[in-house]
K.L.:
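Sharing a structure with you now.
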Amino acid sequence: MAKTYTIHPDTPQLRTIEQIISALRDGAVMLYPTDTVYAIGCDLNSKSAVQRVRQIKQLSNDKPLTFLCPSLSNVATYARVSDTAYRIMRHLIPGPYTFLLPATKLVPRLVQHPKRKTTGIRVPDHAVSQALLDALGNPIISTSAHLPQDENGRSSSQDEANISKVELFDRLDKLVDVIVDDGSELGYQVSTILDFTESEPAIARKGLGWEEAVAWI
């Protein structure tokens with residue numbers, strides 16, 4: 001059973017943040033809010049935790065995982081950011097955007113695309129996510145939470161818009177170690193994905209804020 005931490009959405013309590021961070025450093029997997037949807041995540045550098053995230057999401061090792069960074073300067077530590085990408089990203093960060101970029105050697109292989117050596121990075125506009133990032137000092141895995149099949153065999157894609165926060169917490173309670181609850185309702189719109197791995201930037205997925213992104217490409 002997961003330990004639930006109730007936290008203020010705008011001014012996260014430092015003691016609570018420290019307790020969550022302690023768990024992450026010990027390899028915990030958490031369910032937590034972001035500026036798009038609730039996400040399943042862990043410390044980027046905890047290999048065992050990353051593997052557990054993949055198991056929960058039923059993702060094979062050839063599927064890259066997105067992670068959160070606190071700022072654009074931090075993104076440049078984990079990815080090669082071209083002048084064009086930088087120009088666009090500085091107008092959109094922080095916000096509901098995932099940037100596909102060539103990975104540096106600091107990105108674990110278990111996280112990046114195995115053939116293209118690329119990675120997805122976000123800088124969230126979210127007080128709780130930012131507080132966790134600042135306290136941990138490492139990027140945090142961020143993959144949208146979904147419901148595993150229940151005892152009746154219903155899949156996570158069925159009636160997704162009708163899923164309640166209580167149901168999400170209940171169904172993931174035995175799969176994660178930590179649940180972070182900031183009192184917010186579930187979001188259902190995913191991030192917009194911008195692909196900077198080719199010569200010309202492109203929108204790979206339209207999500208939250210895609211209209212604003214188009215204006216800068």
Side-chain angles (χ1 to χ4, degrees), residues 1-7 17 19-69 78 96 98 100 103 107-114 118-122 124 126 128-129 132-133 136 138-182 184-191 193 205 207:
M1 178 177 289
K3 182 173 180 58
T4 299
Y5 293 92
T6 302
I7 198 164
I17 289 293
Q19 291 173 324
I20 298 169
I21 293 306
S22 177
L24 292 180
R25 287 176 175 153
D26 286 339
V29 171
M30 67 175 173
L31 173 66
Y32 68 109
T34 72
D35 53 348
T36 54
V37 298
Y38 261 79
I40 298 170
C42 64
D43 184 339
L44 176 72
N45 293 328
S46 176
K47 184 177 180 179
S48 62
V50 172
Q51 289 174 327
R52 283 184 57 205
V53 171
R54 286 194 175 281
Q55 291 171 355
I56 292 170
K57 286 292 297 274
Q58 300 176 356
L59 295 173
S60 60
N61 286 343
D62 61 350
K63 299 293 184 182
L65 288 169
T66 295
F67 58 88
L68 305 183
C69 283
Y78 295 92
T98 298
L100 299 182
V107 178
R109 290 184 179 181
L110 191 59
V111 173
Q112 61 182 277
H113 192 290
T118 58
T119 192
I121 304 180
R122 289 195 57 214
H126 192 267
V128 174
S129 296
L132 292 170
L133 288 165
L136 181 61
N138 290 328
I140 295 174
I141 292 294
S142 178
T143 177
S144 59
H146 75 273
L147 295 176
Q149 289 189 345
D150 63 15
E151 62 274 9
N152 296 317
R154 291 183 305 163
S155 69
S156 61
S157 61
Q158 293 173 312
D159 300 321
E160 188 169 323
N162 297 320
I163 291 170
S164 70
K165 182 177 175 180
V166 172
E167 185 179 8
L168 179 68
F169 283 15
D170 182 61
R171 299 268 295 279
L172 287 173
D173 181 63
K174 295 180 180 179
L175 297 178
V176 300
D177 308 298
V178 170
I179 294 176
V180 182
D181 185 0
D182 68 350
S184 63
E185 292 304 314
L186 292 184
Y188 298 101
Q189 286 188 278
V190 293
S191 63
I193 299 178
R205 181 180 72 189

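These values consider heavy atoms only, across backbone and side chains, with no hydrogens, waters or symmetry-generated copies. Positions are given from 1, in the same order as the sequence printed here. Computed from a predicted model, the values in this text were never measured in an experiment.
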K.L.:
Could you check if a side-chain atom of Val180 sits within less than 4.5 angstrom of a side-chain atom of Leu31, using non-hydrogen atoms only?
P.N.:
no
K.L.:
Just do the side chain to side chain contact (heavy atoms under 4.5 Å, CB included) check on Val178 and Val29 with the steps written out, would you?
P.N.:
CA-CA 6 Å; Val178 170; Val29 171; over 6 Å; no
K.L.:
Got a donor-acceptor contact below 3.5 angstrom from the Asp35 side chain to the Pro124 backbone?
P.N.:
no
K.L.:
Is there side-chain contact between Ile140 and Met30, with heavy atoms separated by less than 4.5 Å?
P.N.:
yes
K.L.:
Looking only at non-hydrogen atoms, find the nearest pair between Ile179 and Val176 and report the distance.
P.N.:
CG1-CG2, 3.9 Å
K.L.:
May I have the step-by-step check of side chain to side chain contact (heavy atoms under 4.5 Å, CB included) for Ile17 and Tyr5, ending in yes or no?
P.N.:
CA-CA 9 Å; Ile17 289 293; Tyr5 293 92; over 6 Å; no
K.L.:
Any chance you could measure Ser184, atom OG, to Tyr38, atom OH, to the nearest 0.5 Å?
P.N.:
4.0 Å
K.L.:
For Pro33, is there any backbone N or O sitting under 3.5 Å from a side-chain donor or acceptor partner on Ser129?
P.N.:
yes
K.L.:
I want to check something: taking the side chain as every heavy atom from C-beta on, are Leu175 and Ile56 in contact at a cut-off of under 4.5 Å?
P.N.:
yes
K.L.:
Are the side chains of Asn61 and Arg54 in contact, using a 4.5 Å heavy-atom criterion?
P.N.:
yes
K.L.:
What heavy-atom pair brings Ala39 and Ser142 nearest, and what distance separates the two atoms?
P.N.:
CB-OG, 3.6 Å
K.L.:
What's the separation between atom CZ in Arg52 and atom CD1 in Ile141, rounded to the nearest 0.5 Å?
P.N.:
13.5 Å
K.L.:
Could you go through Arg205 and Ser191, starting from their C-alpha distance and side-chain angles, then the distance that decides it, and tell me whether this counts as side-chain hydrogen bond (donor to acceptor under 3.5 Å, both in side chains)?
P.N.:
CA-CA 8 Å; Arg205 181 180 72 189; Ser191 63; 3.1 Å; yes
K.L.:
Among Val111, Ile121, Leu44, Asp43, which residue meets the side-chain contact (heavy atoms from CB on, under 4.5 Å) test with Pro139?
P.N.:
Leu44
K.L.:
Can you measure from OG1 (Thr36) to NE2 (His126) and round to the nearest 0.5 angstrom?
P.N.:
9.0 Å
K.L.:
Please examine the side chains of Cys69 and Leu133, heavy atoms only from C-beta on, and report whether any two atoms are closer than 4.5 Å.
P.N.:
no
K.L.:
For Lys57, does the NZ atom sit with more than 12 other heavy atoms under 6.0 Å from it, leaving out its own atoms?
P.N.:
yes
K.L.:
Kindly check if the number of other-residue, nucleotide or ligand heavy atoms within 6.0 Å of NZ (Lys165) is above 12?
P.N.:
yes
K.L.:
Going from SG on Cys42 to NZ on Lys47, what distance comes out if it is rounded to the nearest 0.5 angstrom?
P.N.:
13.0 Å
K.L.:
Counting only N and O atoms by type, is there a donor-acceptor contact under 3.5 Å from the side chain of Gln112 to the main-chain atoms of Pro64?
P.N.:
no
K.L.:
The test is side chain to side chain contact (heavy atoms under 4.5 Å, CB included); show your working for Phe67 and Arg122 and say whether it passes.
P.N.:
CA-CA 6 Å; Phe67 58 88; Arg122 289 195 57 214; over 6 Å; no
K.L.:
Out of curiosity, Leu68 CG to Leu136 CG, how far, rounded to the nearest 0.5 Å?
P.N.:
11.0 Å
K.L.:
Ignoring hydrogens, what is the shortest heavy-atom contact between Leu100 and Gly120? Give both atom names and the distance.
P.N.:
CD2-CA, 3.9 Å
K.L.:
Begin with the C-alpha distance, continue with both residues' side-chain angles, and end with the deciding distance and a verdict on side chain to side chain contact (heavy atoms under 4.5 Å, CB included) for Leu110 and Gln51.
P.N.:
CA-CA 8 Å; Leu110 191 59; Gln51 289 174 327; 3.4 Å; yes
K.L.:
How many angstroms lie between CD1 in Ile21 and CG in Leu132, if you round to the nearest 0.5 Å?
P.N.:
5.0 Å
